[in-house]
Amino acid sequence: LLKLKDRDTQQQAVSEMQKICDDLKPDQVEIVHQALFAFDGEKSIFARAWSARFYADVAKSHFDVRSLGKVVSKLCDRARDNDSKVREACAETMGELARIFSSSVDAVQQQSRLEDTQDLDSSVAVESGPSLNIFLNPILKSMESGDTHGQAGNALALAHVVFNSAAHIGAYLEKLTQRILAIMDRPTFLG
């Protein structure tokens with residue numbers, strides 16, 4: 001990850017990290033997540049953007065719905081970055097995670113546990129499959145904040161999640177639309 005900060009080693013760092021993700025064993029996922037959570041990329045836009053993208057690479061190798069909430073929260077925080085490239089990377093990653101989540105057998109098995117912890121509309125999750133609330137609630141809460149960059153980054157993330165969640169989003173649209181319209185009606189919403 002430190003190689004991402006140096007222009008001379010950036011591409012090598014991306015290749016090495018993708019190889020690590022490809023060869024990842026299930027018991028190593030938490031270690032990689034902890035490293036990604038701790039890495040901030042400092043002044044390097046490239047490093048901050050790619051560290052967000054690596055969450056999707058980890059999920060492609062070993063998707064674990066139990067750690068998804070923490071990853072989504074971290075990406076919502078990173079979507080507050082003042083650089084649009086980093087916000088776009090976070091949004092694209094959340095969309096990819098939503099696609100993986102929506103097609104995951106694990107998500108269906110974990111559905112009953114998720115519905116107890118999410119508040120957008122837990123009754124929808126029972127009827128339609130995996131609960132997308134694990135994405136929707138943190139994103140919408142970030143959009144409600146007063147941070148302009150966070151509003152823009154998370155609004156973009158919401159678009160990617162909706163686009164990539166296929167048929168699962170249909171059951172959420174009515175309540176989701178109401179909540180989005182309420183957020184957009186606020187004078188502090190500039191996203």
Side-chain angles (χ1 to χ4, degrees), residues 29 33 36 49 52-81 84-145 147-186 188-191:
V29 170
H33 278 166
L36 289 170
R53 286 185 179 104
F54 288 138
Y55 287 109
D57 290 334
V58 171
K60 288 174 189 172
S61 293
H62 292 287
F63 181 71
D64 182 11
V65 73
R66 295 169 294 184
S67 63
L68 188 59
K70 199 173 187 182
V71 170
V72 169
S73 292
K74 187 63 172 177
L75 287 169
C76 284
D77 289 342
R78 287 194 182 179
R80 295 177 179 177
D81 198 284
S84 63
K85 291 180 182 177
V86 177
R87 292 193 301 265
E88 288 172 15
C90 291
E92 290 168 4
T93 300
M94 280 201 259
E96 183 63 16
L97 291 172
R99 186 192 61 74
I100 294 167
F101 178 79
S102 294
S103 62
S104 171
V105 174
D106 290 338
V108 174
Q109 292 170 349
Q110 295 293 327
Q111 159 186 334
S112 61
R113 284 188 228 152
L114 288 173
E115 72 181 58
D116 295 336
T117 62
Q118 306 300 318
D119 62 15
L120 187 63
D121 186 8
S122 60
S123 63
V124 171
V126 174
E127 298 165 8
S128 66
S131 177
L132 291 173
N133 290 323
I134 201 162
F135 294 96
L136 300 176
N137 287 323
I139 290 172
L140 291 169
K141 285 177 185 168
S142 293
M143 287 173 59
E144 291 171 342
S145 75
D147 182 279
T148 305
H149 296 302
Q151 291 172 347
N154 284 287
L156 186 59
L158 180 62
H160 279 275
V161 168
V162 168
F163 181 79
N164 286 293
S165 51
H168 297 288
I169 197 67
Y172 296 84
L173 285 180
E174 183 178 345
K175 288 192 179 211
L176 182 61
T177 303
Q178 292 170 359
R179 192 153 171 200
I180 291 170
L181 290 173
I183 291 170
M184 290 176 66
D185 197 33
R186 295 176 181 201
T188 57
F189 183 75
L190 302 172

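These numbers come from the heavy atoms of this one structure, side chains and all, not from hydrogens, waters or symmetry mates. The first residue of the sequence shown is numbered 1, and numbering continues consecutively from there.
- Arg53 places none of its side-chain heavy atoms less than 4.5 Å from the side chain of Glu96.
- The closest side-chain heavy-atom distance from Phe163 to Ile169 is not below 4.5 Å.
- A distance of 5.0 Å separates NZ in Lys74 from CZ in Arg78, rounded to the nearest 0.5 Å.
- Closest heavy-atom contact between Val58 and Leu36: CG2-CD1, 4.4 Å.
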Between Glu144 and Lys141, does the salt bridge (Lys or Arg N to Asp or Glu O under 4.0 Å) criterion hold? Intermediate values first, please.
CA-CA 5 Å; Glu144 291 171 342; Lys141 285 177 185 168; over 6 Å; no
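- Going from atom OG of Ser142 over to atom CG of Asn137 covers 11.0 Å, rounded to the nearest 0.5 Å.
- Atoms CZ and CG, from Arg179 and Leu140 in turn, are 4.5 Å apart once rounded to the nearest 0.5 Å.
- Closest heavy-atom contact between Ala56 and Ile100: O-CD1, 4.3 Å.
- Residues Asn164 and Gly95 come closest through the heavy atom pair CB-O, 3.0 Å.
- We find the CZ-CG distance between Phe63 and Leu97 to be 7.0 Å, quoted to the nearest 0.5 Å.
- Side chain of Gln151 to backbone of Thr188: a donor-acceptor contact under 3.5 angstrom is found.
- Contact detail for Ala157 and Met94: the closest heavy-atom pair is CB-CE, 3.5 Å.
- Nearest heavy-atom pair, Leu68 versus Phe101, reported as atom, atom and distance to 0.1 Å: CD2-CD1, 3.4 Å.
- Interatomic distance, Leu158 CG to Leu136 CG, rounded to the nearest 0.5 Å: 6.5 Å.
- Using a distance-only test at 3.5 Å, with no hydrogens or angles considered, a donor-acceptor pair links the side chain of Arg87 to the main chain of Asp81.
- Although no hydrogens or angles enter the test, the distance criterion places a donor-acceptor pair under 3.5 Å between the side chain of Thr93 and the main chain of Ala52.
- The nearest pair of heavy atoms linking His168 to Ser102 is NE2-O, 3.0 Å.
- In this structure, the separation between CD on Glu92 and CG on Leu156 is 7.5 Å, given to the nearest 0.5 Å.
- Ring geometry for His33 versus Tyr55: interplanar angle of 30 to 60°, hence tilted.
- Taking a cutoff of 4.0 Å between a charged side-chain nitrogen and a carboxylate oxygen, Lys85 and Glu88 do not qualify as a salt bridge.
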